[in-house]
Chemist: 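This structure is in structure tokens; I'll ask about it shortly.
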Amino acid sequence: MNFFILSIIKAAIVAFVLLTTLAYLQWIERKVIAHIQLRVGPRRVGPHGLLQPLADVIKLLTKEDMLPSHVNKVFYLLASFLAGMFALISISVIPFGTEINIGGIRTSMQLTDLNFGVLFILGLSGIGVYGVALAGWASNNKYSLLGGLRSSAQMISYELPLAMAIAAPLLMLNTLSFREVVNGQSGYYFGFLPRWTIFQGPFPQVVSFLLFVVAAFAETNRVPFDLPEAENELVAGFHTEYSSMKFAAFFMAEYANMVTVSCVATLLFLGGWLPPFPPEYGSNYVPSLIFVIGGGLALYHGINPARPFDRITLPVAGIVFLGVAAMLLVPVVAAILLPLFWFAAKVGVILFLYIWVRGTLPRFRYDQLMSFAWTVMFPVAVVNLFVTGLLVAIVSK
Amino acid sequence: MPPLPQSVPISWYLTLSAILFGLGVAGFLYRRNIITVFMSIELMLNAVNLSFVTFSYKLKQVDGHIFSFFVMVVAAAEAAVGLAIILTVFKNRQTLEIDEVSSLRN
Amino acid sequence: MDAILFLIFAAIALGCAVNLVLQTHPIASALSLIGVMGALAALYLLLGGEFIAAAQLIVYAGAIMVLFVFVIMLLNAGAEQESRKRLAAKVLGIPLLVVLLGLVGYVLQNALLPSEGVKFGAFRHGTAQDVGRSLFTIYLLPFEVTSVLILVAILGAVILARKEID
């Protein structure tokens, strides 16, 4: 019974953290895009707009739940449910850190360690398209139908290079379990270069990483591949007819997919929770240092405030940052938080890349999108997989 | 209600497979839409896969899994060609009713 | 636990399969088939076939059925018309089907010796390693032949679709 209680606690923590992350990811996206476009972004609700996600959730919850009269009701409702469900399930096989020991209970920072976890994620990403496709069809609307059609064609096309890009590092690491994948990347070349798969011999997986990231943009329907919901061609694409919580489900699914894909990229290519350089050179103090710098900056700007309310908010943030920095130096806490920090940092970098690209690149045309998948991505992925397989076979002989 | 067995008898799996196959046959004979007929075939293939995997368990060998893997691959090839044919038929005759596509010439 | 899980997923598979046959709109049938496939994937897991369960999700539910849904949406042909013939099929067919399946079930229950039942975790040779090892050693020739088959299928599909564009 202990196992069940432990699982329920872990599931509750992961669900809470994930949903909060999703809400704040959207705040971060709005802020970053705003700064890219020389605006300030949300700042009315709470200090620096920090309560904006909460306000958005309340707005979506209390908005009138419209059910258009011309839709196919069963599938219309099922679609948003499917999209949300499949997007959230995949987090269950992602490991966030090493095994930890709290009060004598040993457990791993992962909901379940499937020994075919990578295949499980691939399968779920394949099924995830039904939410979008079904939404497009059930809305009984030409724009939505086009969005759903585009989405299913795009997903089938980009799943191939995605799967092949995943297969190449797995060939080198010889496992399908995420935990083993990360363990296979531990250690350093020449004492400082991490053995992450993008650096690991016999064939550094840089090409796979690029392929994976590009295909992942298409799989999650993000700019520059957001054709299923291209607003200046299709109104809002597959979710034109959706409002309130049903729209929120799609919105949440998109961000959850982004998080999952970033986690998978981190685990497969960037060494998961392993630090980027060995502890002998002080990698364990980097997180504290970053938080100290952040706290110091916040305090400095709190003392010389640009706006009146900064006088209160920034010192508070600074003290919190310094507190976290101090916590990271306590050995017991650090053992738990350090892997989490590195994992979150790498995931954060990839998520930032998503937002950055959205603020920078224009959208592809649909024929360009498909020909890019089949004439560039696919051949490169095949050659990459072939070369990797060949080198692995030669080296392991 | 009798108590549930500790482990599931092999015959339950095989019966399930047989029922699914029977439903596939029923759909194949009963439906008029080409695509649904096609999907009934897929259902039969799935039912057969279930018995392959079950026998693989019974014989403690992996061969059944390989067979169902091949079935999947062949089903994928079949779906690609079959759906291309359905698209062509629909373009030429504007119908998916299987009874109206009974002649070779228009 | 095994029996409960089996019954849950078997019920899902059966319900979806019946729905597949009864629904008039192809997209409803397609979704039911996806339900059957998902339930079967869970049953494969119970039987120790973890690779085949993942392949079922990736290949069947994630690729083949997406293709079906795509074509159904592309053609957007609407529901099937009721025809006269089908009354006879209903009146005669359903009892016949039930009798046939009852017989099959009866024979299966009696023909198989009551050997050991299916226990989750008792069969551990369904991993990707084991499947891969047999696939690339004993079954290498069939594997290569299927790859040729796939190539032929791709060519066939491309040619059929291209003719339509001209």
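All figures in this text were calculated on a predicted structure; none of them were measured in a lab. Here is the naming used below: chain letters follow the sequence lines, and residue numbers restart at 1 for every chain. No hydrogens, no waters, no symmetry mates; every other heavy atom, side chains included, goes into these values.
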Chemist: What class does the angle between the rings of C/Phe68 and B/Phe38 fall in, given that below 30° is parallel, 30 to 60° is tilted and above 60° is perpendicular?
Modeler: perpendicular

Chemist: So which bits of residues 145-152 of chain C come within less than 4.5 Å of chain B, counting non-hydrogen atoms only?
Modeler: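 Within residues 145-152 of chain C, near chain B: C/Thr146, C/Leu149, C/Ile150.
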
Chemist: Under a 4.5 Å cutoff for heavy-atom pairs, which residue among C/Leu33, C/Leu5, C/Val59 has the most contacts with chain B?
Modeler: C/Leu33

Chemist: Checking heavy atoms, do the side chain of C/Phe70, its backbone, both or neither come under 4.5 Å from chain B?
Modeler: neither

Chemist: Between B/Met39 and C/Ser29, which heavy-atom pair has the shortest distance, and what is it?
Modeler: CE-CB, 3.6 Å

Chemist: Is chain C contacted by the side chain of B/Glu78, its backbone, both, or neither, given a heavy-atom distance below 4.5 Å?
Modeler: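 For B/Glu78, no heavy atom lies under 4.5 Å from chain C.
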
Chemist: Please look at C/Ile138 and chain B and tell me whether the side chain, the backbone, both or neither of the residue comes under 4.5 angstrom of a heavy atom of that chain.
Modeler: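 No part of it gets close to chain B.
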
Chemist: Heavy-atom pairs under 4.5 Å with chain C are the metric here; pick the option from B/Gly64, B/Ala77, B/Gly24 that has the most.
Modeler: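 Option with the greatest count: B/Ala77.
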
Chemist: Determine the option with the most heavy-atom pairs under 4.5 angstrom with chain B, choosing from C/Ala13, C/Pro142, C/Gly48.
Modeler: C/Pro142

Chemist: Less than 4.5 Å to any heavy atom of chain B: does that hold for the side chain of C/Ala63, its backbone, both, or neither?
Modeler: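 Neither; nothing under 4.5 Å.
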
Chemist: One pair to check against side chain to side chain contact (heavy atoms under 4.5 Å, CB included): B/Phe90 and C/Leu74. What are the steps and the verdict?
Modeler: CA-CA 11 Å; B/Phe90 189 78; C/Leu74 189 69; over 6 Å; no

Chemist: Would you call the rings of B/Phe70 and C/Tyr139 parallel, tilted or perpendicular, where under 30° means parallel and over 60° means perpendicular?
Modeler: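 Geometry flag for C/Tyr139 against B/Phe70: perpendicular rings.
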
Chemist: For B/Ile66, is it the side chain, the backbone, both, or neither that has a heavy atom closer than 4.5 Å to a heavy atom of chain C?
Modeler: side chain

Chemist: Quick one: what part of C/Leu67 sits under 4.5 Å from any heavy atom of chain B, side chain, backbone, both or neither?
Modeler: both

Chemist: Between C/Val131 and chain B, which part of the residue has a heavy atom less than 4.5 Å away: side chain, backbone, both or neither?
Modeler: both

Chemist: Given the rule in the side chain to side chain contact (heavy atoms under 4.5 Å, CB included) test, do B/Val53 and C/Leu43 qualify, once you have shown the distances and angles that lead to the verdict?
Modeler: CA-CA 9 Å; B/Val53 176; C/Leu43 290 179; over 6 Å; no

Chemist: Please name the pair of heavy atoms, one in B/Asn33 and one in C/Pro26, separated by the smallest distance, quoted to 0.1 Å.
Modeler: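 Shortest heavy-atom separation between B/Asn33 and C/Pro26 comes out as ND2-CG, 3.6 Å.
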
Chemist: With a 4.5 angstrom heavy-atom cut-off, is it the side chain or the backbone of B/Ile85 that approaches chain C, or both, or neither?
Modeler: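 Backbone plus side chain of B/Ile85, per the 4.5 Å heavy-atom cut-off to chain C.
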
Chemist: Heavy-atom distance under 4.5 Å to chain C: side chain of B/Ser17, backbone, both or neither?
Modeler: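 Interface part for B/Ser17: neither.
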
Chemist: Measure C/Leu135 against the heavy atoms of chain B and call it side chain, backbone, both or neither at under 4.5 Å.
Modeler: both

Chemist: Would a 4.5 Å heavy-atom cut-off, applied to side chains only, mark C/Val21 and B/Ser40 as touching?
Modeler: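 No, side chains not in contact.
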
Chemist: Distance only, no hydrogens: is a donor on one side chain within 3.5 Å (strictly under) of an acceptor on the other, for B/Asn49 and C/Gln56?
Modeler: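 Not at all, the side chains of B/Asn49 and C/Gln56 share no donor-acceptor pair under 3.5 Å.
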
Chemist: Measure the spacing between CD1 of C/Ile58 and CE of B/Met72 and express it to the nearest 0.5 Å.
Modeler: 10.0 Å

Chemist: Would B/His65 and C/Asp130 satisfy side chain to side chain contact (heavy atoms under 4.5 Å, CB included), going step by step from the backbone distance to the final call?
Modeler: CA-CA 10 Å; B/His65 295 197; C/Asp130 291 306; over 6 Å; no

Chemist: Apply the side-chain contact (heavy atoms from CB on, under 4.5 Å) test between B/Leu23 and each candidate in C/Asn19, C/Val36, C/Val18; give the one that qualifies.
Modeler: C/Val18

Chemist: Of all the heavy-atom pairs spanning B/Leu16 and C/Ala10, show the shortest one and how long it is.
Modeler: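 In this case the closest contact between B/Leu16 and C/Ala10 is CD2-CB, 3.9 Å.
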
Chemist: Not counting sequence neighbours, which residues clear side chain to side chain donor-acceptor pair (under 3.5 Å) with B/Tyr13? List them please.
Modeler: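 Here no residue qualifies.
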
Chemist: Could you tell me the separation between the CG atom of C/Leu160 and the OG1 atom of B/Thr88, rounded to the nearest 0.5 Å?
Modeler: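 It comes to 4.5 Å.
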
Chemist: At a heavy-atom separation under 4.5 Å, does B/Phe52 approach chain C through its side chain, its backbone, both, or neither?
Modeler: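 For B/Phe52, neither part sits under 4.5 Å from chain C.
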
Chemist: Start with the C-alpha gap between B/Leu45 and C/Tyr60, add the side-chain angles, then the distance that decides, and say whether side chain to side chain contact (heavy atoms under 4.5 Å, CB included) holds.
Modeler: CA-CA 11 Å; B/Leu45 291 176; C/Tyr60 252 132; 3.5 Å; yes

Chemist: Show the nearest heavy-atom pair for residues B/Leu20 and C/Ala17, with the distance to one decimal.
Modeler: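 Smallest interatomic distance, heavy atoms only, reads CD2-CB, 3.6 Å.
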
Chemist: Heavy-atom pairs under 4.5 Å with chain C - which of B/Leu50, B/Val81, B/Val73 has more of them than the others?
Modeler: B/Leu50

Chemist: For the atom pair CG (C/Leu47) and CD1 (B/Ile10), what is the distance rounded to the nearest 0.5 Å?
Modeler: 7.5 Å

